[in-house]
Enquirer: 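Here it is, the structure, as structure tokens.
These figures come from a predicted structure and were not determined experimentally. Letters A, B, ... are given to chains in the order of the sequence lines, protein chains preceding strands, and every chain is numbered from 1.
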Amino acid sequence: MPEALEVELYRRAAEQVVGRTVARVVAPDAWFVKGGSSPAQLRRALSGCTVTAARRRGKLLLLDTDGPVLGLRFGMTGRLVVDDVAAIDELEYGSRRDAPAWDRFALQFAPVGQARRRGGTLRINDSRRLGGVELSPDEDALGPDALTLSFAELDVALAHSAAPLKARLLDQAHIAGIGNLLGDEILWRAGLDPARAAGSLTAVERRRLHRNLQRVLAELLCRGGSHLGDLQDQRHRQGVCPRDGANLLRRTIGGRTTFSCPAHQL
DNA sequence: ATTGTGGCCTGCCCGC
DNA sequence: TGCGGGCAGGCCACAA
């Protein structure tokens, strides 16, 4: 499912539309338009606007224009398709099909230049409709981005919290971008029990967490997805720890299915 | 404010 | 072969 890494790949794909002008906004699904706007309002606000940048904060993709900012969320099964090329071919838990009925939102761009070549499109194909688009989303409702999280920022995010460590890592208001799979991988590598109170970590443990968090994000971005971690293959009921062979623990923490190793995650 | 819970959405997979 | 139930989790509303 799209976590910060997938959305970063989406952002890179979206950079291809920087400089293009919106000719038509296709928003067939009112449910998919968030923030109290209607599809008609979205169309009016964006038609004729030129895209000036593609940014990302956590799992939120932001298209800057010479008009309003457009925010795109992908939920669990949303894929970004630019000029009919999917930015990621395979999504964990998502279908590999690109059914036209699942196109929930699209920008069609105006043709450029005298060659009259097609202006191209940017669209979200989302079977589950858990994503959405929003005009001028509140970016500051999100914490600092996980991919560039400093140690000081991690410190602030964890300090004085009684919530389970994993729940805090996944809390987008405190750290933006970590989802369930990345959370499990990071804590498994850092050797930290996801159920421990976030504020209970020693300075040494917080350092270790920060180091592993950075490494996991960098490595898995290179590998190409949140589902390509070393723990992933064992995230099932009979799974064993790839490091020491112990039977993995399967629990619900912070409302999410959580796998951890009772032998080395302390 | 913090923390936890339930519901939303729907394709897919398993067991019968 | 078809059917029903459970599962996946990002996000939001709501409760205490």
Enquirer: Take the C1' atoms of the five end pairs on each side of the helix from dT2(B)-dA16(C) to dC16(B)-dG2(C), derive the two axes, and give their angle rounded to 10 degrees.
Expert: 40°
Enquirer: Could you tell me how far apart His236(A) (NE2) and dC7(C) (P) are, to the nearest whole angstrom?
Expert: 16 Å
Enquirer: Think Arg79(A) forms a cation-pi with Phe74(A), using NZ or CZ under 6.0 Å from the six-ring centre and within 45 degrees of its axis?
Expert: no
Enquirer: Measuring to OP1 and OP2 of dG9(C), would you say a side-chain N or O of Lys59(A) lies under 4.0 angstrom away?
Expert: no
Enquirer: Could you tell me the separation between the CZ atom of Arg104(A) and the P atom of dT10(B), rounded to a whole number of Å?
Expert: 7 Å
Enquirer: If only side-chain N and O atoms of Arg250(A) are considered, is one of them under 4.0 Å from the OP1 or OP2 phosphate oxygen of dA8(C)?
Expert: yes
Enquirer: How many Å lie between CG on Leu60(A) and P on dC12(C), as a whole number?
Expert: 10 Å
Enquirer: Taking only residues two or more places apart in sequence or in another chain, which ones pass ring pair (Phe, Tyr, Trp, His ring centres under 6.0 Å) with Phe32(A)?
Expert: none
Enquirer: Can you sort out the partners of His174(A) under ring pair (Phe, Tyr, Trp, His ring centres under 6.0 Å), two or more places apart, ordered by chain and number?
Expert: none
Enquirer: Nearest-Å distance, CZ (Phe32(A)) to C1' (dC9(B))?
Expert: 11 Å
Enquirer: Quick one: label Arg256(A) by what it contacts on the DNA or RNA (base, sugar-phosphate, nothing), any heavy atom closer than 4.0 Å.
Expert: base
Enquirer: Who else is in Val69(A)'s hydrophobic cluster (ILVMFWY, side-chain heavy atoms under 4.5 Å, direct or via others)?
Expert: Leu60(A), Leu62(A), Leu142(A)
Enquirer: Measuring only between side-chain heavy atoms, which start at C-beta, is Leu165(A) closer than 4.5 Å to Leu158(A)?
Expert: yes
Enquirer: What's the closest nucleotide to the Trp102(A) side chain, out of dA8(C), dC11(C), dG11(B)?
Expert: dG11(B)
Enquirer: Rounded to the nearest angstrom, tell me the gap between atom CE in Met76(A) and atom C1' in dC11(C).
Expert: 12 Å
Enquirer: What salt bridge (charged side-chain N to carboxylate O under 4.0 Å, His left out) pairs are there with at least one residue in residues 208-227 of chain A, not counting sequence neighbours?
Expert: Arg189(A)-Glu219(A), Glu219(A)-Arg223(A), Arg223(A)-Asp230(A)
Enquirer: What pairs of residues pass the ring-ring contact (aromatic ring centres under 6.0 Å, His included) test when at least one of them lies in residues 235-254 of chain A, not counting sequence neighbours?
Expert: none
Enquirer: Taking only side-chain N and O atoms of Thr77(A), does any of them lie within less than 4.0 angstrom of OP1 or OP2 on dG11(B)?
Expert: no
Enquirer: When you check every protein heavy atom under 4.0 Å of nucleotides 2-8 of chain B, what one-letter string (B, S, -) results, 5' to 3'?
Expert: -SS---B
Enquirer: Name each donor-acceptor pair under 3.5 Å that joins a side chain in residues 43-50 of chain A to protein atoms two or more places apart or in another chain, with its distance.
Expert:
residue	atom	partner	partner atom	Å
Ser47(A)	OG	Arg43(A)	O	2.7
Thr50(A)	OG1	Thr21(A)	OG1	2.8

Enquirer: For the pair made of CZ in Phe74(A) and C1' in dG10(C), what is the distance, rounded to whole Å?
Expert: 13 Å
Enquirer: Does Thr257(A) have any side chain to side chain contact (heavy atoms under 4.5 Å, CB included) partners at least two apart in sequence or in another chain, and if so, which?
Expert: Arg250(A), Phe259(A)
Enquirer: Rounded to whole Å, please give me the gap between CZ in Arg128(A) and P in dG11(B).
Expert: 9 Å
Enquirer: What's the CD-P distance between Glu3(A) and dA8(C), to the nearest Å?
Expert: 15 Å
